[in-house]
Amino acid sequence: MPTEKSDKIFKTFKQLQLSGKKALALLIDPEKVGAESQFKSLINQAYQNEVDFFFIGGSLLTEKNVDKTVMRIKEVCADIPVILFPGNVIQISPLADGILFLSLISGRNPELLIGQHVTAAPLLANTELEVLPTGYMLVNDGQISSASYISQTIPIPNNKPSLAKATALAGKFLGLQTFFLDAGSGANTPVSKEIIKHVKQTTQSPLIVGGGINSIEKARNVWDAGADIVVLGNGVEKNPDLLTEVLDFMKVYNLSLNVN
């Protein structure tokens, strides 16, 4: 019999959307964790500066070290949700709190629209992981990111908000509850403000945006456009201080909105 699922994380996402409060997720790629001391320092930094979520995953994982990464995070901060951001079924860990059940609606690869999901569903049914049905959309200026290469799909162009809007609307009608716009790890340009604005207005759903966000100004632009959750990953790998800087800014930003 399938394990009963919590909806605690989705309620948090929804509350962010309804309240206008902004949040930040730190994306950890288990293959880029590095030395133990360096990793612990990063997790402590995130905890002390009150990061909202940890996302765990990467486009290419060749070793089954997701469990270990989740455990190492929870050793430091058990009260911050750890959410899987999987590229395939080997990236599932029952030790996490939830999983973004990603359907790559911006592409036409059936494996990432439904194929991997069929394989994963029986595994997830027997865990306590909260399953978050998520419309995943790759959006950039034509740069070949790891995600687009591995998924064998073409991203939605950053200057085609009408196409992004139609794609998100289809996802909403399919019943997807959360949307994730991703420019790709290390992208030169984040998802455009126009696309974020159109997708948010169309779906009226919790909206996550990541890729190419490597400064306070870029994070602010993404939040201003309508994102509820900003994801930092590659930018923090290159500049660990970025995490503290953006989190400090976010607190001021939320206060300016009179959001508690």
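As a basis for the values below, the full set of heavy atoms in this structure was taken, side chains included, without hydrogen atoms, waters or symmetry mates. Being a predicted model, the structure only gives us computed values, none of them experimental.
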Taking Ser256 for its side chain and Tyr253 for its backbone only, find out whether a donor-acceptor pair lies under 3.5 Å. yes

Out of curiosity, does Leu132 fall in the hydrophobic cluster containing Leu104 (side-chain heavy atoms, cut-off under 4.5 Å, transitive links)? yes

Does a sphere of radius 6.0 Å around OH in Tyr47 hold more than 12 heavy atoms from other residues, nucleotides or ligands, not counting ones at 6.0 Å or beyond? no

With heavy-atom distances below 4.5 Å as the criterion, would you say the side chains of Leu181 and Ile208 are in contact? no

Would you check if there is a donor-acceptor pair between the side chains of Asn109 and Thr153 at a distance under 3.5 Å? no

Looking at every non-hydrogen atom in both residues, tell me the closest pair between Val191 and Gly210 and how far apart they are. CG2-O, 4.3 Å

Do the non-hydrogen side-chain atoms of Lys165 and Ile195 ever get within less than 4.5 Å of each other? no

Step-by-step side chain to side chain contact (heavy atoms under 4.5 Å, CB included) determination, Ile80 to Asp52: CA-CA 7 Å; Ile80 298 176; Asp52 297 284; over 6 Å; no

Counting N and O atoms only, with roles assigned by atom type, does the side chain of Asp7 sit under 3.5 Å from a partner on the main chain of Val131, one being a donor and the other an acceptor? no

Can you confirm whether more than 12 heavy atoms, excluding those of Leu174, are under 6.0 Å from its CG atom? yes

Does the distance from a Lys or Arg side-chain N to an Asp or Glu carboxylate O, for Glu50 and Lys251, drop under 4.0 Å? yes

Validation row: Leu232, Leu24 side chains within 4.5 angstrom (heavy atoms): yes

When you look at CD of Glu245, are more than 12 heavy atoms from neighbouring residues, nucleotides or ligands closer to it than 6.0 Å? yes

Side chain to side chain contact (heavy atoms under 4.5 Å, CB included), that's the test. Do Leu176 and Thr134 meet it? Break it down for me. CA-CA 6 Å; Leu176 299 173; Thr134 304; over 6 Å; no

Can any side-chain N or O of Glu128 pair as donor or acceptor with the backbone N or O of Lys5 at less than 3.5 Å? no

Non-hydrogen atoms of Gly58 and Asp29 that approach each other most closely: CA-OD2, 4.0 Å

Are more than 12 heavy atoms, taken from residues, nucleotides or ligands other than Arg72, located less than 6.0 Å from that residue's CZ atom? yes

Ignoring hydrogens and geometry, is there a side-chain-to-backbone donor-acceptor pair from Asp228 to Leu207 under 3.5 Å? yes

Going by heavy atoms in the side chains, are Ile196 and Lys193 under 4.5 Å from each other? no

Would you say Asn49 and Leu243 make side-chain contact, with heavy atoms under 4.5 Å? no

Measure the shortest side-chain to side-chain distance between Leu95 and Met71 over non-hydrogen atoms and say whether it is less than 4.5 angstrom. yes

For Leu123, look at atom CG and say whether over 12 heavy atoms of other residues, nucleotides or ligands are found less than 6.0 Å away. yes

Residues Val231 and Ile213: closest non-hydrogen pair is O-CD1, 4.2 Å

For Ser37, is there any backbone N or O sitting under 3.5 Å from a side-chain donor or acceptor partner on Ser41? no

Measure the spacing between CD of Glu130 and NZ of Lys8 and express it to the nearest 0.5 Å. 9.5 Å

Taking only Lys NZ, Arg NE, NH1 and NH2, and the carboxylate oxygens of Asp or Glu, determine whether Lys197 and Asp224 approach each other closer than 4.0 Å. no

Give a yes or no on this: more than 12 heavy atoms of other residues, nucleotides or ligands lie within 6.0 Å of atom NZ of Lys74. yes

Check Leu129 against Gly98 and note the closest heavy-atom contact, atom names and distance. CD2-N, 3.7 Å

What distance do Asn88 atom CG and Ile150 atom CD1 have between them, rounded to the nearest 0.5 Å? 9.0 Å

Does the Thr244 side chain pair with the main chain of Asp241, one donor and one acceptor, at a distance under 3.5 Å? no

Do the non-hydrogen side-chain atoms of Ser106 and Val139 ever get within less than 4.5 Å of each other? no

Working note: Lys22 + Leu16, criterion side chain to side chain contact (heavy atoms under 4.5 Å, CB included); need CA distance, chi angles, decisive distance, verdict. CA-CA 7 Å; Lys22 306 304 182 181; Leu16 288 169; over 6 Å; no

Taking the side chain as C-beta and beyond, is there a heavy-atom pair between Leu84 and Val66 under 4.5 Å? yes

Test side chain to side chain contact (heavy atoms under 4.5 Å, CB included) applied to Cys77 and Ile43, Asn44, Val51, the passing residue: Ile43

Pair Asn234, Leu27 - check side chain to side chain contact (heavy atoms under 4.5 Å, CB included), show working. CA-CA 8 Å; Asn234 188 264; Leu27 174 59; over 6 Å; no

Of all the heavy-atom pairs spanning Phe101 and His117, show the shortest one and how long it is. CZ-CB, 3.5 Å

When clusters are formed from ILVMFWY side-chain contacts under 4.5 Å, directly or step by step, what else is grouped with Ile114? Val118

If only atom types and distance count, is the side chain of Asn239 paired as donor or acceptor with the main-chain N or O of Gly235 below 3.5 Å? no

Please answer whether the main-chain N or O of Leu138 pairs with a side-chain N or O of Asp182 as donor and acceptor at a distance below 3.5 Å. no

Measuring from Gln204:CD to Leu18:CG, what's the distance to the nearest 0.5 Å? 9.0 Å

Can you see whether Asn214 engages Lys218 through a side-chain donor-acceptor pair at a distance of less than 3.5 angstrom? yes

For a quick test of reading the model, state the closest non-hydrogen atom pair linking Pro94 to Thr127 and the distance between them. CB-CG2, 4.0 Å

Distance-only, no hydrogens or angles: does the Gln116 side chain make a donor-acceptor pair with backbone N or O of Leu112 under 3.5 Å? no

Ring centers of Phe85, Phe54 separated by less than 6.0 Å: no

Would the Phe53 and Phe13 ring centres measure less than 6.0 Å apart? yes

Quick check: does any side chain N or O of Ser103 sit under 3.5 Å from a backbone N or O of Ile105, one acting as donor and the other as acceptor? no

Hey, could you give me the OG1/CG distance between Thr202 and Leu169, rounded to the nearest 0.5 Å? 6.0 Å

